[in-house]
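What follows is a short report on a single structure.
For the numbers below, each heavy atom of this structure counts, side chains included, while hydrogens, waters and symmetry mates do not.
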Amino acid sequence: MATVDEESRTPAGSAAGGARATRARSETGPAVVAAPEATWPAVDWEELPWRSSFPPELFSRSQRELLGQPYWAAITPEIADLEVRLPRATAAAAEEASVVVRDFDAELGRDVAPFAAILLRSESASSSQIENLTSGAKQIALAALGEDAKRNATQIVGNVHAMQAAIELSERLDAASILEMHRSLMETAEPDIAGRWRAQQVWIGGGGYSPHRAAFVPPHADRVAAAIDDLVAFTAREDIPALQHAAIAHAQFETIHPFPDGNGRTGRALIHALLRKRALTRSVTVPVSAGLLVDTRGYFDALTAYRRGDAAPIVDAMAQASFDAVANGRRLVDDLRAVREEWASKIKARSDSTVWPLMDLVLRQPVINTAVVQHEVGVSHTNAMKAVRRLVEAGVLAPVGGRRRSILWQSSEVLSALDAFAARAGRRQLSEP
């Protein structure tokens with residue numbers, strides 16, 4: 001069944017068919033509460049015929065009557081050239097949050113390795129957790145190694161790849177880039193839909209058989225490509241402050257909902273593509289999703305407000321998420337720096353010893369095998385084993401059984417720091433009904 005989140009799937013057996021009915025925004029359409037003093041266009045609506053492919057005997061008479069009725073789907077406004085006008089307090093909060101993000105990025109830019117990788121993985125895990133995809137740090141590390149891991153951990157690693165693609169493609173942010181982000185996210189879990197715009201109607205909330213009682217019905221599939229082109233044109237602008245720009249682009253993307261699944265995670269990867277494109281971040285991925293995770297109800301409510309013609313709440317949510325993310329991210333970095341200092345106090349080795357780069361590797365990849373050490377540190381198998389043994393003797397690493405008969409080692413201290421970061425991010429989380 002479709003759920004009230006931002007990653008609705010196309011329910012099996014559903015299809016929109018027939019000619020499009022008259023475009024409408026009238027009393028006969030879905031109930032819409034206009035935003036007070038709206039300064040942003042609300043979505044419009046159109047009535048469309050619904051044809052269910054499910055056998056009628058599955059439904060009661062009243063359900064069959066409902067399934068025979070048309071439904072209403074959103075029409076996203078064109079925003080490419082719209083003036084962005086926000087309340088003074090919202091603009092001020094976004095600017096203050098931007099300074100905090102920029103300072104955090106600059107601070108870590110002076111000591112970026114290995115924190116860039118850790119923060120990116122933490123952001124990916126938090127973005128996934130918003131969609132109720134949760135996993136411990138150890139499972140995620142195992143999945144990153146290609147070891148057998150739980151499905152959620154594998155999907156989170158897919159989100160890591162999507163975030164990496166978003167950052168790498170930020171300089172040429174276009175429709176093809178968005179498709180590549182989605183392909184990186186979904187190619188392992190759902191290869192049939194990876195990197196393709198949806199061809200069917202999707203909806204958020206309600207039942208799994210039709211969109212009639214959905215909380216929100218995104219645009220018909222025929223409108224997706226044009227809506228994305230308009231969004232891409234909006235992202236190319238440079239006259240909007242970066243954090244406001246990213247927040248509004250994200251909300252517009254989630255309203256278009258261009259994929260059968262993975263919209264929320266791809267849309268949050270888009271945030272980071274824009275923050276990097278606009279040079280608000282240069283070195284690290286600030287874990288904004290960890291901030292959004294603090295109040296998921298507020299986040300979803302802000303997206304609903306955006307669709308009703310009020311862009312301020314999503315900018316407010318992004319600003320607050322940035323404050324929360326930097327505070328949590330800074331604590332994670334401090335924890336990891338303390339761990340590394342403790343390790344260094346236990347090791348006596350030359351400055352050019354393989355032990356030192358191996359320590360940095362363990363900070364960003366807290367479960368390792370010799371193949372990873374050889375590849376990442378650039379040493380032979382023999383030297384990799386020597387360095388690993390040094391860290392085992394110092395209590396930095398401990399052996400753990402691999403699921404593919406490989407020998408693995410883990411750092412319990414790093415895993416604990418990452419799990420603590422996740423726990424802080426989700427501490428005040430409110431679940432959607």
Report task. Kindly assign one of parallel, tilted or perpendicular to the pair F253 and F259, based on the angle between their ring planes and the thresholds 30° and 60°. Result -> tilted

Query raised in the report: Should the ring pair H250 and Y299 be called parallel, tilted or perpendicular, given that the plane angle runs from 0 to 90° and is split at 30 and 60?
Result: parallel

Query raised in the report: When you check the gap from the basic side-chain N to the acidic O, do E131 and R268 get nearer than 4.0 Å?
Result: yes

Query raised in the report: Is E376 paired with R364 through a side-chain N to carboxylate O contact shorter than 4.0 Å?
Result: yes

Query raised in the report: Does a donor on one side chain and an acceptor on the other come within less than 3.5 Å for E123 and S289?
Result: yes

Query - Lys NZ or Arg CZ of R307 over F216 ring: under 6.0 Å, within 45° - result: yes

Query raised in the report: With a cut-off of 6.0 Å (strictly less than), are more than 12 heavy atoms of other residues, nucleotides or ligands near CD of E78?
Result: no

**Report entry** Under 3.5 Å: donor-acceptor pair, side chain of Q365, backbone of V367
**Finding:** yes

Query raised in the report: Just by distance, do the side chain of R278 and the backbone of I240 share a donor-acceptor pair under 3.5 Å?
Result: yes

Query raised in the report: Would you call R340-D360 a salt bridge at under 4.0 Å N-O?
Result: yes

Query raised in the report: Is there a donor in the side chain of D174 and an acceptor in the side chain of S177, or the other way round, less than 3.5 Å apart?
Result: yes

Query raised in the report: Salt bridge or not for D310 and R308, using N-O below 4.0 Å?
Result: no

Requested in this report: In plain terms, say whether E341 and R337 are close enough for a salt bridge, that is, a side-chain N and a carboxylate O under 4.0 Å apart.
Outcome: no

Report task. Let me see the working for N383 and T354 under side chain to side chain donor-acceptor pair (under 3.5 Å), right down to the final yes or no. Result -> CA-CA 8 Å; N383 288 334; T354 302; 5.7 Å; no

Report task. Let me see the working for D105 and T281 under side chain to side chain donor-acceptor pair (under 3.5 Å), right down to the final yes or no. Result -> CA-CA 6 Å; D105 181 81; T281 58; 4.9 Å; no

